[in-house]
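Reckoned from all heavy atoms, side chains included, excluding hydrogens, waters and symmetry mates. Whatever order the structure lists ligands and atoms in, that order sets their numbers, starting from 1. For clarity, every value in this text was computed on a predicted model and none was experimentally measured. The first residue of the sequence shown is numbered 1, and numbering continues consecutively from there.
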Amino acid sequence: MYQPRILVMAGSRRREALSRRVAEACALAVRTAGAEVELIDLDDYPAPLYDGDLEAAAGLPEHVVRLQRRLHASDGLLVVNPEYNGSITPLLKNTLDWCSRPNPADSERSGGKVYAGRAAAVVGSSPGALGGMRVLFHVRDILGYLGMYVIPQQLAVAKAGEAVGADARLRDPAQQELLDKLAAALVDGARRLRS
Ligand SMILES: Cc1cc2nc3c(=O)[nH]c(=O)nc-3n(C[C@H](O)[C@H](O)[C@H](O)COP(=O)(O)O)c2cc1C
């Protein structure tokens with residue numbers, strides 16, 4: 001059976017980011033569901049705030065081009081979202097926007113082609129009680145706009161600071177079961193879209 005390649009990324013570069021720990025739990029679940037997983041740390045892909053003048057003068061930043069290639073080589077994306085005022089973090093929006101830009105030097109692996117037709121899943125993460133539930137609908141919308149097929153399953157990880165055990169599994173068995181189902185649906189979706 002085809003082993004899909006899934007990128008997992010958290011929408012925070014903060015050193016102690018809770019979403020990074022949740023992303024580790026997601027990566028493990030998706031790997032267990034049968035995918036080859038690459039856990040992306042956006043700290044390794046720094047990019048300035050998108051600015052059309054900057055793009056016109058210097059083209060795409062080197063790290064954006066690197067990330068576009070990772071996205072293009074993947075069959076799917078799982079994004080773990082901290083929630084900022086009920087919505088997406090500027091880091092994640094900036095990253096998605098930069099990667100959506102065409103690179104004339106590599107038109108096959110840039111622009112909309114890095115997203116289109118791939119599977120996606122959204123997970124929320126918050127120290128609060130709602131687990132970033134509100135951001136999920138915004139991110140789902142954006143990824144859909146980019147041409148991704150966002151699976152219906154989603155998960156909001158509340159009290160994220162305490163939610164992930166040392167084994168990178170969610171401490172709450174019911175939440176871990178939901179994550180496992182989400183991971184299985186994402187892997188299945190990525191496989192179907194590939195075939
Ligand atoms: C500008 C800003 C807005 C925030 N808005 C929300 C919010 O709407 N909902 C929420 O649950 N937490 C909110 N928080 C708290 C974040 O969930 C918390 O800082 C979290 O730890 C950030 O994610 P990270 O740990 O992955 O960096 C906000 C934090 C910031 C800095």
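- Contacts between R134 and ligand 1 below 4.0 angstrom, taking non-hydrogen atoms only, involve the side chain exclusively.
- In this structure, Y50 places its OH atom where more than 12 heavy-atom neighbours from other residues, nucleotides or ligands lie under 6.0 Å away.
- At a threshold of 4.5 Å between non-hydrogen side-chain atoms, the residues L96 and I142 count as touching.
- In summary, the atoms of ligand 1 found under 4.0 Å from a heavy atom of R14, numbered by their order in the structure, are 21 (O), 24 (P), 25 (O), 27 (O).
- If you check which protein heavy atom lies closest to atom 5 (N) of ligand 1, you get N85 N, 2.8 Å.
- Nearest non-hydrogen protein atom to atom 22 (C) of ligand 1 is P82 CB, 4.0 Å.
- Residue E83 has at least one N or O atom closer than 3.5 Å to an N or O atom of ligand 1.
- Looking at A17 next to ligand 1, no N or O pair under 3.5 Å apart turns up.
- Residue S12 touches ligand 1 through its side chain alone, judged by heavy-atom distances below 4.0 Å.
- Within ligand 1, the atoms closer than 4.0 Å to a non-hydrogen atom of G86 are 7 (C), 8 (O), numbered from 1 in the order shown.
- Within a 6.0 Å radius of OH in Y2, more than 12 heavy atoms belonging to other residues, nucleotides or ligands are found.
- Other residues, nucleotides and ligands contribute over 12 non-hydrogen atoms within 6.0 Å of the CZ atom of R5.
- Listed by atom number, the atoms of ligand 1 under 4.0 Å from S126 heavy atoms are 10 (C), 11 (O), 12 (N), 17 (O).
- Listed by number with element, the atoms of ligand 1 under 4.0 angstrom from any heavy atom of P127 are 17 (O), 18 (C), 20 (C), 21 (O).
- At the shortest separation from atom 26 (O) of ligand 1 among protein heavy atoms lies S19 OG, 2.5 Å.
- Under the 3.5 Å distance criterion, with hydrogens and angles disregarded, a donor-acceptor pair is assigned to the side chains of Q176 and D180.
- Heavy-atom minimum distance, K113 versus E108: NZ-OE2, 2.9 Å.
- For R66 and Y45, the positive end sits near the middle of the six-membered ring, less than 6.0 Å away and at most 45° from its axis.
- Exactly one residue among V65, L71, V64 makes a side-chain contact (heavy atoms from CB on, under 4.5 Å) with L67. That residue is L71.
- Counting protein heavy atoms under 4.0 angstrom from atom 24 (P) of ligand 1 gives one or more.
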